[in-house]
There are 2 protein chains.
Amino acid sequence: MSEVTKPGGMRAIARDAVRARISEVAVDLFDEQGFDNVTVEQIAAAVGVSPRSVHRYFPAKEDTVIGDPAGWGEHVRDQLASRPSEEPIWDALLASYEALLLSPSRNEAQGRKAMRVLGSTPALRARNLEKHLLWARLLTPIVAERLEGNYRELRAEAIVQASLACFDIALTAWAEADAVESSVELLRRSFGALQPTA
Amino acid sequence: MSEVTKPGGMRAIARDAVRARISEVAVDLFDEQGFDNVTVEQIAAAVGVSPRSVHRYFPAKEDTVIGDPAGWGEHVRDQLASRPSEEPIWDALLASYEALLLSPSRNEAQGRKAMRVLGSTPALRARNLEKHLLWARLLTPIVAERLEGNYRELRAEAIVQASLACFDIALTAWAEADAVESSVELLRRSFGALQPTA
DNA sequence: CCTGATCTGTCTGTCTCTGACACTTGTGGC
DNA sequence: GCCACAAGTGTCAGAGACAGACAGATCAGG
């Protein structure tokens, strides 16, 4: 990830900063006025750039809230791959998601607000689930490797998608105003719902 | 559902027929040329109506493939509600989805083609997941009623979403060209993946 | 200071989707 | 059979998201 600032890395830093700024402003506006009632033009004006530039940073308006799906997905994949192969698959998945939630670069307040906005609009909910499909493609091969018996692929997909659903539910519940539990605790509870025997 | 053709029902019949026709033509075009390479104008021309009318029947282009989510969702909900309350929740959910798959009004070939198109484009996958969210809102209260203990709501959501993931995985696998199993069989297998003990 | 890569703004265009209005066509009452 | 009314449709106009093209600005490295 961080390689002592690659040559010419100054521009990359600036780019990331602008990107983050646009995302922040956009989420704030969505939170105040609703996703559909805010145009890209308004976001651009609030940030101080042209609408065209906003689209250069984010191919779709929804992406200003979702962020970069691939990066975090690979993070989870790497976590899962580094788990011992004897570990029960559900435990390994749970641990991988937990590692993501405990990742330091996540801002608490901003994350919660983004989650709240995310749950407020069908279009955003859908995009978010699309992100999960991307993650699923990364995780399924690893899970399939650790299964035995027939229909490994199909079963692996079911397990991965179910776990992602738990992940999403936990984060959604966490974003609610009255949630006092930590996100990790909620994650464990939702995982537990699928394993009455454990 | 069918009430011997309500007074003024002739128009409703015509409406449904046009609706089905647009959907059929659209799916065919998408299958041939790709979802993004077909404009609403082309679909309208192929059917013989104005583009405005296509949007009157389907609020979004994606809906020509997805169909009417609410209708089928209510179908599943009613099935689930009519299940005996002692039945294990996973069995009840499985039976409800099976009833939907065995519903007579589903055309085999057309359904498979729609499923294939559906998996080919991010925008369509997203809409499909949105449909699942709608279903989840219908099913979760019923499931929550049948649970005991704490965190009923959270656990019900996890169970419902996981089961929907299984449903989706089964249908996706079924749409694959080399799938020989019936959709019901695939559904049972994906359900089984989450219950190693059963 | 110069050169080339990168970023940005502006212009232009396409496509989806919506509202408003007028026109046509069935439906049901008389 | 005729007529008023509702429903469906086409045409027009417009907002908004996004992409391509191009010119100018900016900044790294020689």
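Reminder, nothing fancy here: chain letters follow the sequence lines and each chain counts from 1.
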### Query
NA contact type, A:Ala14, heavy-atom cut-off 4.0 Å: base, sugar-phosphate, or nothing?
nothing
#### Entry: Pairs where residues 63-91 of chain B contributes a residue and the test salt bridge (charged side-chain N to carboxylate O under 4.0 Å, His left out) is met, not counting sequence neighbours
B:Arg83-B:Glu87
### Summary
With sequence neighbours left out, the residues meeting salt bridge (Lys or Arg N to Asp or Glu O under 4.0 Å) with B:Arg189 are B:Glu185
### Task
Measure the spacing between CG of A:Leu133 and CG of A:Leu164 and express it to the nearest 0.5 Å.
8.5 Å
### Task
Round to a whole Å and report the spacing from CZ of B:Arg127 to C1' of C:dT16.
11 Å
### Query
Any link between B:Leu138 and B:Leu147 through a network of hydrophobic side chains (Ile, Leu, Val, Met, Phe, Trp, Tyr) touching at under 4.5 Å?
no
### Summary
Letter by letter from the 5' end, nucleotides 8-13 of chain D scores (B base, S sugar-phosphate only, - none; protein heavy atoms under 4.0 Å) SBBB--
### Task
Determine whether more than 12 heavy atoms belonging to other residues, nucleotides or ligands lie under 6.0 Å from atom CG of B:Asn37.
yes
### Message
Tell me whether A:Gln33 at atom CD has more than 12 heavy atoms from other residues, nucleotides or ligands lying less than 6.0 Å away.
### Response
yes
### Message
Whole angstroms only, please: what is the CD1-P distance between A:Ile22 and C:dC7?
### Response
13 Å
### Rounded interatomic separation in angstrom, taking CD from B:Glu62 and P from D:dA17
16 Å
Solution key, residues 110-126 of chain A side-chain donor-acceptor pairs under 3.5 Å, sequence neighbours excluded:
{"from": "A:Arg112", "atom 1": "NH1", "to": "A:Trp174", "atom 2": "O", "distance (Å)": "3.3"}
{"from": "A:Lys113", "atom 1": "NZ", "to": "A:Asp28", "atom 2": "OD1", "distance (Å)": "2.7"}
{"from": "A:Ser120", "atom 1": "OG", "to": "A:Val117", "atom 2": "O", "distance (Å)": "2.6"}

### Message
The criterion is side-chain hydrogen bond (donor to acceptor under 3.5 Å, both in side chains); which residues satisfy it with A:Arg188, sequence neighbours excluded?
### Response
A:Glu98
### Task
Return the value, rounded to whole Å, for the distance between atom CD1 of B:Ile13 and atom P of C:dT27.
10 Å
### Query
Roughly how far, to the nearest 0.5 Å, is the CD atom of A:Glu62 from the OG1 atom of A:Thr64?
8.0 Å
### Summary
Here the distance between atom C1' of D:dA7 and atom CZ of B:Arg19, to the nearest Å, is 17 Å
### Task
Can you tell me the distance, in whole Å, between the CG atom of B:Asp16 and the P atom of D:dA7?
15 Å
### Query
How long is the line joining NE2 of A:His55 and C1' of C:dC15, in whole Å?
13 Å
### Of residues 24-42 of chain B, the positions that come close to DNA chain C - non-hydrogen atoms, cut-off under 4.0 Å
B:Val38, B:Thr39, B:Val40
